[in-house]
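For reference, the structure is listed below as structure tokens.
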Amino acid sequence: MNLNGHVTIVTGAGSGIGQGIALRFAEAGASVVVADVNEKQGEQAAAACRGLGAPARFVPTDVSQAADCRRLVAATLEEFGRIDSLINNAGVNFVKPTLAMDEADWDRVLDVDLKGTFLCSRYALAHMVERRKGNIVNIASVHTLATLPEAAPYAAAKGGVEMMTKALAIEFAPYGIRVNAVSPGLTDTQIWADIQAAAEDPEAARQHWFDNIPLGRVQSPREVANVVLFLVSDEASYVTGANLFSDGGMTALLINRARYASKALEGQVKR
Ligand SMILES: NC(=O)c1ccc[n+]([C@@H]2O[C@H](COP(=O)([O-])OP(=O)(O)OC[C@H]3O[C@@H](n4cnc5c(N)ncnc54)[C@H](O)[C@@H]3O)[C@@H](O)[C@H]2O)c1
């Protein structure tokens, strides 16, 4: 897909999925604004985009702060003159027993994952409404459909992102603006590295996860980026208010694949 001349903002683009999206858009010809709270990683990601031949700059941004989000939009307009797409990807994952959580834990997750998505959208939308054109893609999660124990704030934030996506999609459809979500399953980023590092038996932990993913593997950030790219492209011109899952079938699964397969092999399941 060709994005020559397209201007995008990707939040949380200093690493992981956001970096994958920034690089994929750069490869497709877009001008990329990398927004991240981590200055070193943000600068490196912008440099990597430029290395692919794309105009790119880093704007230090904490998406939980309204002033930062307003400045991010202003800096993009100043440098590139317009915003064709905003990819709200910045997020923090958080797992902790509910009875050990305090108010600050809740606030941190909701402020970045939900409020940050709203704030960046709000300032970018003001510009998109003037142009009668624009695209927003919110990176949600499989947690919009089903969740895990000890993940209440994260599940609440991502569930909120999905419904906010629908609310903004219908409010701004009359202005030619499309708003969609992408819900990744297990993706090869720092989160996946942390899961394995925290396990007593990393190989058993890997296998446990893979047994619960019909495609039997973790996905790359680029695989998520390809879905985002499709959504902002004209190929998705009638898609708005959608939540597209890129999860290897994880949320379609009711029972563990390995157990089912072994029973089938033992002849216990009639085909
Ligand atoms: N990795 C997965 O398996 C997975 C699955 C589903 C959804 N997601 C979602 O994808 C998104 C990216 O996750 P990831 O796995 O790439 O994580 P990551 O930790 O690799 O990257 C997150 C990036 O966001 C930045 N960030 C954090 N707080 C910020 C803030 N307040 N303002 C601006 N930037 C901030 C970080 O500095 C980092 O560069 C998140 O929204 C996450 O919830 C990830």
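Order of listing sets the numbers, starting from 1, for every ligand and every atom in it. We use all heavy atoms of the structure for the numbers below, so side chains are in, but hydrogens, waters and symmetry mates are not.
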Q: Could you check whether the rings of W192 and F210 sit parallel, tilted or perpendicular, using 30° and 60° as the cut-offs?
A: tilted
Near [X], which atoms of ligand 1 are under 4.0 Å from a heavy atom of that residue?
{"X": "Y154", "value": "7 (C), 8 (N), 9 (C), 42 (C), 43 (O)"}
{"X": "G185", "value": "3 (O), 5 (C)"}
{"X": "T61", "value": "32 (N), 33 (C)"}
{"X": "A140", "value": "7 (C), 9 (C)"}
{"X": "L186", "value": "3 (O)"}

Ignoring hydrogens and geometry beyond distance, is a side-chain donor-acceptor pair present between [X] and [Y] at under 3.5 Å?
{"X": "S246", "Y": "Q219", "value": "yes"}
{"X": "T144", "Y": "N243", "value": "yes"}
{"X": "D188", "Y": "S220", "value": "no"}
{"X": "T8", "Y": "D84", "value": "no"}

Q. Atom 21 (O) of ligand 1: which of G16, G91, S15 has the nearest heavy atom?
A. S15
Considering distance alone, does some N or O of [X] sit under 3.5 Å from an N or O of ligand 1?
{"X": "D113", "result": "no"}
{"X": "S64", "result": "no"}
{"X": "K158", "result": "yes"}
{"X": "S141", "result": "no"}

